[in-house]
Amino acid sequence: MQALTLDEAKQFLRQARKGRFYAVYVVALGVGLRRGEALGLRWDDVDLDIGVLRVRQALQRQKGEGLKLVPLKTQRSRRTIRLPENLVKVLKEHRAEQAAERLAAGSAWNNPHGLVFTTHIGTAIEPENLYLHFRAVCDAAGIRRVRLHDLRHTCATILLAQGVDTRTASAGRGPGGAGL
């Protein structure tokens, strides 16, 4: 485990802001979602009016079956997370951008599950492509390369530094998230 420092996380997000996966990274850093949990997030799982996100499934590549939404491994992994105001704003902007992409794609749009994070034609994001993009953003931001999963650890580390208790921080449920 190698968490980013707060300065590195901010530098990473400044660089990521230039690309299409910015909102994915903000969610991962802000509330500590795993890659599959973030990519498996559906708009039905997000209530931006009251500011909550429900983690109910994950997106995974299944051998011979392609990308699939799968149940979470444990009941404890199913959780409801309060979203900080800055993350609600990012997700609202992302929803508007996705609506514009849907209009531009026309009949090519393909998002039957209502995924929050998709390609420009609505299909699920290949987890490996997100990882490759993540590495490129780390390099462009001039920060050390960590694993994509370490964004989850970064969230917990920042919450702990803010005085949030260990159990709450490990679930990414601090008051207002990691506050990036």
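- For the pair Arg56 and Arg78, the minimum side-chain heavy-atom distance is below 4.5 Å.
- The two atoms that bring Lys92 and Leu48 nearest to each other are CG-CD1, 3.6 Å, heavy atoms only.
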Could you walk me through whether Asn111 and Gln98 pass the side-chain contact (heavy atoms from CB on, under 4.5 Å) check?
CA-CA 11 Å; Asn111 187 4; Gln98 189 181 63; 4.1 Å; yes
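- Tyr131 and Leu41 fall within the same hydrophobic cluster, where Ile, Leu, Val, Met, Phe, Trp and Tyr residues are linked whenever their side-chain heavy atoms come under 4.5 Å apart, directly or through other members.
- Applying the 6.0 Å contact sphere to NE2 of His149 captures more than 12 heavy atoms from other residues, nucleotides or ligands.
- Asp45 places a side-chain heavy atom less than 4.5 Å from the side chain of Gln57.
- One finds the CD1 atom of Ile81 at 5.5 Å from the CG atom of Leu53 (value rounded to the nearest 0.5 Å).
- Shortest non-hydrogen contact noted between Leu39 and Ile125 is CD1-O, 3.8 Å.
- For the atom pair Leu148 CG and Glu128 CD, the distance stands at 10.0 Å (nearest 0.5 Å).
- Counting heavy atoms from C-beta outward, Asp47 and Arg54 have side chains that approach closer than 4.5 Å.
- Annotation: the span from Gln11 atom CD to Thr5 atom OG1 amounts to 8.0 Å, rounded to 0.5 Å.
- Here the closest heavy-atom approach between residue Ala124 and residue Leu67 is recorded as CB-CD1, 3.9 Å.
- When all heavy atoms of Thr157 and Ala3 are compared, the closest pair comes out as OG1-CB, 3.5 Å.
- To the nearest 0.5 Å, atom CG of residue Leu69 and atom CD of residue Gln60 are 10.0 Å apart.
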When the side chains of residues 21-34 are checked against the rest of the protein, which donor-acceptor pairs come out under 3.5 Å, sequence neighbours left out?
from	atom 1	to	atom 2	distance (Å)
Tyr25	OH	His133	ND1	2.7
Tyr25	OH	Phe134	N	3.1
Arg34	NH1	Glu37	OE2	2.7

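- Ile158 contributes atom CD1, which lies 8.5 Å from atom NZ of Lys10 (distance to the nearest 0.5 angstrom).
- In this structure, Gln2 and Arg144 have side chains that are in contact, with non-hydrogen atoms separated by less than 4.5 Å.
- Put simply, the side chain of Val46 does not reach to within 4.5 Å of the side chain of Arg95, judged on heavy atoms.
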side-chain contact (heavy atoms from CB on, under 4.5 Å) between Glu126 and Arg61, worked out:
CA-CA 8 Å; Glu126 172 63 52; Arg61 174 157 293 289; 2.3 Å; yes
I'd like to know whether Arg20 forms a side-chain contact (heavy atoms from CB on, under 4.5 Å) with Glu101, so could you lay out the CA-CA distance, the side-chain angles of the two residues, the decisive distance to 0.1 Å, and finally the verdict.
CA-CA 11 Å; Arg20 75 170 291 106; Glu101 287 180 338; 2.8 Å; yes
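- Environment of CD in Glu65: crowded, with over 12 heavy atoms of neighbouring residues, nucleotides or ligands closer than 6.0 Å.
- Contact detail for Val116 and Arg42: the closest heavy-atom pair is CG2-C, 3.5 Å.
- The minimum heavy-atom distance linking Trp43 with Leu91 is given by the pair CH2-O, 3.6 Å.
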Walk me through it: do Asp150 and Arg147 pass the test salt bridge (Lys or Arg N to Asp or Glu O under 4.0 Å)?
CA-CA 5 Å; Asp150 290 327; Arg147 300 171 307 149; 2.8 Å; yes
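- For Asn129, the side-chain hydrogen bond (donor to acceptor under 3.5 Å, both in side chains) criterion is met by no residue, not counting sequence neighbours.
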